[in-house]
K.L.:
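Let me give you the structure first, and then I'll get to my questions.
First listed ligand is number 1; within each ligand, the first listed atom is number 1.
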Amino acid sequence: MKFLSTVVTLALYSAVLVSGACDDVADGFEPLNGGTTGGRGGTVVTVSNVADLRKYATSSGKYIIKVAGTVTVTPAGEEIKVASDKTIVGVGNNAAIQNGGFGIHNVKNVITRKLRITNPGDADTSDHDGIQADTSSNIWIDHCHFESGGDGLVDLRKDTTFYTVSYNIFRNHDKTLGIGWTENVSAQASIHHNWFDKTNQRNPSADNLRYVHLYNNYLTSVTSYGHYARGATEARVENVYFSNTRNPLTADGNAKLAANGNTYQSCSGTIALNKGTVFNASTFYI
Ligand SMILES: *[C@@H]1O[C@H](CO)[C@@H](O)[C@H](O)[C@H]1NC(C)=O
Ligand SMILES: *[C@@H]1O[C@H](CO)[C@@H](O)[C@H](O)[C@H]1NC(C)=O
């Protein structure tokens, strides 16, 4: 029976790999609010240079944009605008966006997967992010590797909502993952199965989110702080493994927090206590 179940598991896993580009749906808040399908059902194109990437990313209509190899962005630092209804997915295991990133502004329904994204720049003077989203909804950032950003690796700001950030690697960086940045307490987000490795601050910094569900993340060698519920954020933090992390879990005075099943190994500093009544994720998704 054990053998059989392994075979079944492998078969399911290959099915996921085969369909991985276009058909998968995230766990978390991303599938709500009408669903996040990216370019599913639209035109499928493969790009290997920045002109083609920019052309299809900014086009209206549904596109599945497959990225083959390394696309070097010129001018360096550009956050390529992404219009609604796009899936941008790496082909194989070595697809990369180098010297640039994506800007998702006032749009809905964008998926980015399987890309290594580096957008270096001067930390004091550039605003070079790997992915920056403002006032957008239904975003899924999955299986990407972020490193070498000028500013934030990923910034999801100004009422951007209904998104899932899953299975990404964030590595060797100062300002890692900033979410919220709004006075309105409206955003709903899930951050799960990410690896924050040798990063400093914002892992993530969650500022004024209505609901943020952080689970099964792995933080190693984090030097300033780990998960941080800022402002009036309501956070549920479950089964997160904090290793060698300074201030693994912080909650501001007006924040609400429910934390359970987390592991703190060789950590120092703040581990915030539960407070307030926090949403139950199973009200929204399984
Ligand atoms: C907050 O919501 C109001 C409308 O209720 C809107 O005008 C404002 O732009 C929002 N703030 C941000 C930072 O998006
Ligand atoms: C959330 O709701 C489910 C279903 O009603 C329940 O089984 C579970 O215990 C609840 N979890 C918490 C943390 O309250």
K.L.:
Show, in sequence, the C-alpha distance, side-chain angles and deciding distance for D197 and R171, and conclude whether the salt bridge (Lys or Arg N to Asp or Glu O under 4.0 Å) test is met.
P.N.:
CA-CA 5 Å; D197 182 36; R171 181 167 287 152; 2.8 Å; yes

K.L.:
Only one of Y285, F284, F29 forms a ring pair (Phe, Tyr, Trp, His ring centres under 6.0 Å) with H213, so which one is it?
P.N.:
Y285

K.L.:
Check each N or O atom of ligand 2 against all protein N or O atoms and list the pairs under 3.5 Å, with atom names and distances to 0.1 Å, one per line.
P.N.:
from, atom 1, to, atom 2, distance (Å)
ligand 2, 2 (O), N280, ND2, 2.3
ligand 2, 2 (O), S282, OG, 3.1
ligand 2, 11 (N), N280, ND2, 3.1

K.L.:
With the threshold set at 4.0 Å, does a side-chain nitrogen-carboxylate oxygen contact exist between R230 and D252?
P.N.:
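So R230 does not pair with D252 through a salt bridge.
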
K.L.:
Within the structure provided, determine whether I111 and D142 are in side-chain contact (heavy-atom separation under 4.5 Å).
P.N.:
no

K.L.:
Can you label the angle between the H192 ring and the Y167 ring as parallel, tilted or perpendicular, going by 30° and 60°?
P.N.:
perpendicular

K.L.:
Taking side chain as C-beta onward, heavy atoms only, is L249 less than 4.5 Å from V237?
P.N.:
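The answer is yes; the side chains approach within 4.5 Å.
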
